[in-house]
Amino acid sequence: MSKEILFSSLRLGAIQLRNRVVMAPLTRMRADAAHVPTALNAEYYAQRSSAGLILSEGTAISPQAHGYPNAPGIYTAEQIAGWRVITDGVHARGGRIVMQIAHNGRNSHSSLMPDGVLPVAPSAIPPTIPALTKAFQQVPAETPRALETSEIPVIISTFRQAALNAMEAGFDGVELQGANSHLIEQFLENGTNQRTDAYGGSKENRARFLFDIVDEITAAIGADRLGVRLSPFGQYGGIHDSNPLELFTFVIKELSKRHIAYLHLIEARGSEMGLTDELHEDALNNAALFRPAFNGPLLSAAAYTPESAGEAIEKKHADAIAFGRLFIANPDLVERIKENQPLNPPDRSTFYGGGAHGYTDYKPFGAAP
């Protein structure tokens, strides 16, 4: 019975959802070499248009922002045009789609950077996970270059332009990737931010980068079309903070004051789902913990079943649930949940890179194999 609530409508700021089954942002590395979305990507997203909301894969705001080969961008006219085909396809099927805009920061490799320079970060501290080169080779992480203070406003303005580009490409809104050890989270947490300027030190200073970006995008496209994704207590890439409860309570309360369209929290139990299927079962429940701090719609993600998703909404811990691996393997996930049909298992070996296999060839229920 708890699953029925997944099929009720929901409003996220200016965006009306027909159900509460959200497709999580999923890195798949299947754009072309110029980071332009292709017809294959358009087919993939169109197949999943019955989701209440599709959150796009993390999309680089600039050439410097890339962290993976063949991941899409949103900084050239060709990329905007490629994404427009995708949004038109989703909208033609009655769907809604938001672009997650991202800067990977230190989680990158020099082969992906313009002129082969080092990746950038708040401080020169390397991640604890390997890097992936432009040729899809796994190599040891490099020590990033610490950003100069003068460079930070340029990146903030690039986030703003990426949001405008996303709207030009036909998206219903944008989501800031402030989770998964990306650049915004690298600024937030003192394990990765050891700066002594206005963007380091106190929690207020470390959060300044995020808030400056939020304020710039709000001025450009409106707070009612902006979501923010965070991963409190996450461990991806060696991210850590000395007092995460204090930090994220402060950050979430400040975001609440800005009246953004929604807050998207990754549950700490599944914060490393991109790397492994193993869960941190003893982790705190982020949705329940931070729900009182945010006066607006809250999305929760990581390792949900349809049953546990309905239960989280019924308990008012969240307003909608984002599914990742289940949407990879079940393009018709909404219909399968509604009709109590079995779910395809995902094939992790096809998650990153490649072609149609493991991407667009999962069959809807009842289709011939």
Side-chain angles (χ1 to χ4, degrees), residues 5 10-15 17 20 22 24-25 53 55 98 100 173-182 184-193 199 201-215 217-218 222-236 239-271 280 282-304 308-309 311-322:
I5 199 168
L10 176 67
R11 192 167 189 85
L12 305 179
I15 308 167
L17 278 56
R20 300 175 186 232
V22 175
L53 179 66
L55 301 175
V98 160
Q100 187 189 83
V174 298
E175 175 179 283
L176 275 180
Q177 171 58 303
N180 295 122
S181 188
H182 281 60
I184 290 173
E185 188 169 34
Q186 292 163 30
F187 267 91
L188 283 175
E189 306 210 19
N190 57 24
T192 44
N193 183 346
Y199 291 92
S202 67
K203 65 181 185 296
E204 291 82 3
N205 280 1
R206 285 181 279 124
R208 188 188 308 274
F209 183 59
L210 168 60
F211 297 150
D212 284 355
I213 295 169
V214 168
D215 293 344
I217 293 177
T218 294
D224 60 353
R225 293 194 181 274
L226 171 62
V228 175
R229 194 181 210 211
L230 301 173
S231 52
F233 304 101
Q235 303 176 42
Y236 189 86
I239 198 82
H240 64 281
D241 188 82
S242 60
N243 194 338
L245 178 60
E246 178 184 32
L247 170 65
F248 284 99
T249 300
F250 164 72
V251 168
I252 290 168
K253 285 183 176 179
E254 288 298 313
L255 289 174
S256 184
K257 294 175 185 177
R258 286 165 166 80
H259 304 293
I260 59 175
Y262 65 87
L263 174 68
H264 183 185
L265 296 180
I266 302 176
E267 286 301 326
R269 69 176 182 270
S271 63
H280 303 286
D282 58 346
L284 293 168
N285 183 325
N286 281 334
L289 182 63
F290 293 107
R291 168 80 275 184
F294 188 74
N295 185 27
L298 192 150
L299 277 56
S300 181
Y304 279 96
S308 64
E311 183 179 359
I313 295 173
E314 284 186 339
K315 289 182 176 179
K316 301 191 184 306
H317 294 165
D319 298 290
I321 303 298

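In what follows, every heavy atom counts, from backbone to side chain, and hydrogens, waters and symmetry copies are set aside.
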### Query
Any donor and acceptor pair, going by atom type alone, linking the side chain of S202 with main-chain N or O of N205 inside 3.5 Å?
yes

### Query
Taking it one step at a time, do K315 and E311 satisfy salt bridge (Lys or Arg N to Asp or Glu O under 4.0 Å)?
CA-CA 6 Å; K315 289 182 176 179; E311 183 179 359; 3.0 Å; yes

### Query
Less than 4.5 Å apart, any side-chain heavy atom of N285 and any of H317?
yes

### Task
Hey, could you give me the CZ/CD distance between R206 and Q186, rounded to the nearest 0.5 Å?
14.0 Å

### Message
Please check this pair: side chain of N286 against backbone of L265, looking for a donor-acceptor N/O pair closer than 3.5 Å.
### Response
no

### Query
Looking only at heavy atoms, what is the nearest atom pair of A288 and P292, with distance?
O-CD, 3.7 Å

### Query
Minimum heavy-atom separation for E175 to V98, with atom names?
N-CG1, 3.5 Å

### Message
Working to the nearest 0.5 angstrom, can you tell me the gap between E189 CD and N193 CG?
### Response
10.0 Å

### Query
Does the distance from a Lys or Arg side-chain N to an Asp or Glu carboxylate O, for D319 and R291, drop under 4.0 Å?
yes

### Message
We want to know whether Y236 and E185 form a side-chain donor-acceptor pair, criterion being a heavy-atom distance below 3.5 angstrom.
### Response
no

### Query
Under 4.5 Å between any side-chain heavy atoms of I5 and E314, yes or no?
yes

### Heavy-atom side-chain contact between D212 and Y199 under 4.5 Å
yes

### Check: R229 and N180 side chains under 4.5 Å, non-hydrogen atoms
yes

### Task
To the nearest 0.5 Å, tell me how far R208 CZ sits from I213 CD1.
13.0 Å

### Query
Can you tell me how far the CG atom of L210 sits from the CD1 atom of I184, to the nearest 0.5 Å?
5.5 Å

### Message
Could you tell me if the side chain of P244 sits less than 4.5 Å from the side chain of D241, heavy atoms only?
### Response
yes

### Query
In terms of heavy-atom contacts, does CG of N243 have more than 12 from other residues, nucleotides or ligands at under 6.0 Å?
yes

### Query
Just how far is it from atom CG of L176 to atom CG of L226, taken to the nearest 0.5 Å?
5.0 Å

### Task
Calculate, to the nearest 0.5 Å, the distance between atoms CZ and CG belonging to R11 and D224 respectively.
8.5 Å

#### Entry: Ring-face cation of R258 near F211 (centre distance under 6.0 Å, axis angle within 45°)
yes

### Task
For Q100 and L55, run side-chain contact (heavy atoms from CB on, under 4.5 Å): C-alpha distance rounded to whole Å, both residues' side-chain angles, the deciding distance at 0.1 Å, then the answer.
CA-CA 6 Å; Q100 187 189 83; L55 301 175; 5.6 Å; no

### Message
Side chains of I217 and R225, heavy atoms from C-beta outward: is any pair under 4.5 Å?
### Response
no

### Message
Ignoring hydrogens, what is the shortest heavy-atom contact between L188 and A207? Give both atom names and the distance.
### Response
CD2-CA, 3.7 Å

### Task
Evaluate the side-chain proximity of L230 to I266: yes if any heavy-atom separation is below 4.5 Å, no if none is.
no

#### Entry: Heavy-atom pair with the smallest gap, counting every atom of H259 and A223
O-CB, 3.5 Å

### Task
Please answer whether the main-chain N or O of Y304 pairs with a side-chain N or O of S308 as donor and acceptor at a distance below 3.5 Å.
no

### Query
Does some side-chain heavy atom of F233 sit less than 4.5 Å from a side-chain heavy atom of E267?
no

### Considering all heavy atoms, the nearest A320-I313 contact
CA-CD1, 4.1 Å

### Task
Please test F294 against V228 for side-chain contact (heavy atoms from CB on, under 4.5 Å), starting from the C-alpha separation and ending with a verdict.
CA-CA 12 Å; F294 188 74; V228 175; over 6 Å; no

### Query
Which atoms form the tightest heavy-atom contact between G234 and I239, and what is the distance?
O-CG2, 3.3 Å

### Message
Pair L299, I321 - check side-chain contact (heavy atoms from CB on, under 4.5 Å), show working.
### Response
CA-CA 6 Å; L299 277 56; I321 303 298; over 6 Å; no

### Task
Verify whether one side chain among S256 and N295 offers a donor that lies under 3.5 Å from an acceptor in the other.
no

